[in-house]
Amino acid sequence: MNRFDFTPYRRTTVGFDRLFDLLENNARMNSGDNYPPFNIERRGEDNYRITLALAGFKPEDIEITAQQNLLTVQGRKAEEAQKGEFLHVGIAQRGFERRFELADFVLVKDAKLADGLLVIDLEREVPEAMKPKKIAINGAKQLSVVESEDGGEDKAA
């Protein structure tokens with residue numbers, strides 16, 4: 001059995017439907033085609049890098065599309081006139097489409113193709129409105145340090 005049943009988790013969680021759908025769809029879509037090979041690297045708290053090995057592709061052969069929560073990299077080789085007869089073809093020349101599911105607020109910052117490697121830099125930018133905030137209970141003021149008359153420090157509420 002190559003499928004995990006998320007039904008018990010779906011019954012006890014609220015708002016995680018998208019996550020479970022992602023996991024189930026990824027298991028179905030992962031048919032074993034590992035072309036082109038790639039790395040995913042965490043480069044900091046909110047920075048990531050995806051590196052794809054694209055030997056023989058030029059920048060004009062590659063299309064990168066970023067939508068909400070989805071990054072798609074497509075490669076289509078232009079038909080070129082062959083200058084000779086190949087006895088062995090070991091460098092893949094076929095087109096490809098590779099999809100990466102992105103978390104909320106992850107944006108593509110840069111993409112570079114050099115030495116047969118396509119490097120895509122990503123960064124998570126959480127909007128100010130979505131960042132955690134401390135909430136005072138009953139409108140109480142936060143504790144602060146108050147200087148006493150003798151030069152020592154007393155803590156007051």
Could you walk me through whether I64 and I120 pass side chain to side chain contact (heavy atoms under 4.5 Å, CB included), step by step? CA-CA 9 Å; I64 302 171; I120 303 171; 4.2 Å; yes
Does a side-chain heavy-atom distance below 4.5 Å link [X] with [Y]?
X	Y	answer
E63	T65	yes
R49	V119	yes
L70	L102	no
R76	D61	no

Can any side-chain N or O of R43 pair as donor or acceptor with the backbone N or O of L122 at less than 3.5 Å?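 Answer holds: no.
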Taking K112 for the side chain and L117 for the main chain, is one N or O donor matched with an acceptor at less than 3.5 Å?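 The answer is no, because no donor-acceptor pair under 3.5 Å joins these two groups.
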Side chain to side chain contact (heavy atoms under 4.5 Å, CB included) between E123 and L107, intermediate numbers included: CA-CA 5 Å; E123 184 176 349; L107 305 174; 5.7 Å; no
Please lay out, stage by stage, how I50 and N39 fare under the test side chain to side chain contact (heavy atoms under 4.5 Å, CB included). CA-CA 6 Å; I50 298 173; N39 294 335; over 6 Å; no
Return the CG to CZ distance between L54 and R98, rounded to the nearest 0.5 Å.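 The CG atom of L54 sits 10.5 Å away from the CZ atom of R98.
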Any ion pair linking E101 and R99 (charged N to carboxylate O, less than 4.0 Å)?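 The answer is no: the pair does not qualify as a salt bridge.
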Taking a hydrophobic cluster as the set of Ile, Leu, Val, Met, Phe, Trp and Tyr residues connected by side-chain heavy atoms closer than 4.5 Å, whether directly or through intermediates, do F96 and I40 fall within one such cluster?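 Linked within one cluster.
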Heavy-atom pair of closest approach, residues L113 and F57: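 The pair with the smallest heavy-atom distance is CD2-O, 3.5 Å.
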Minimum-distance pair of heavy atoms, taken over all atoms of A53 and P36: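 For A53 and P36, the tightest heavy-atom pair comes out as O-CB, 3.4 Å.
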Give the intermediate values and the outcome of salt bridge (Lys or Arg N to Asp or Glu O under 4.0 Å) for residues K109 and E125. CA-CA 11 Å; K109 287 299 181 182; E125 289 184 355; 2.6 Å; yes
Classify the side-chain pair R124/Y48 by whether it contains a donor and acceptor separated by less than 3.5 Å.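 Per modelled atom types, R124 and Y48 side chains form a pair under 3.5 Å.
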So, D104 and N69: side-chain donor and acceptor under 3.5 Å apart, yes or no?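 A pair is found: one side chain offers a donor N or O, the other an acceptor, under 3.5 Å apart.
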CG/D115: more than 12 non-hydrogen atoms of other groups inside 6.0 Å: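 Atom CG in D115 is not packed in, count stays at 12 or less.
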Crowding at NZ, K58 (>12 non-hydrogen neighbours, <6.0 Å):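 No, NZ of K58 has 12 or fewer neighbouring heavy atoms, counting only those of other groups under 6.0 Å.
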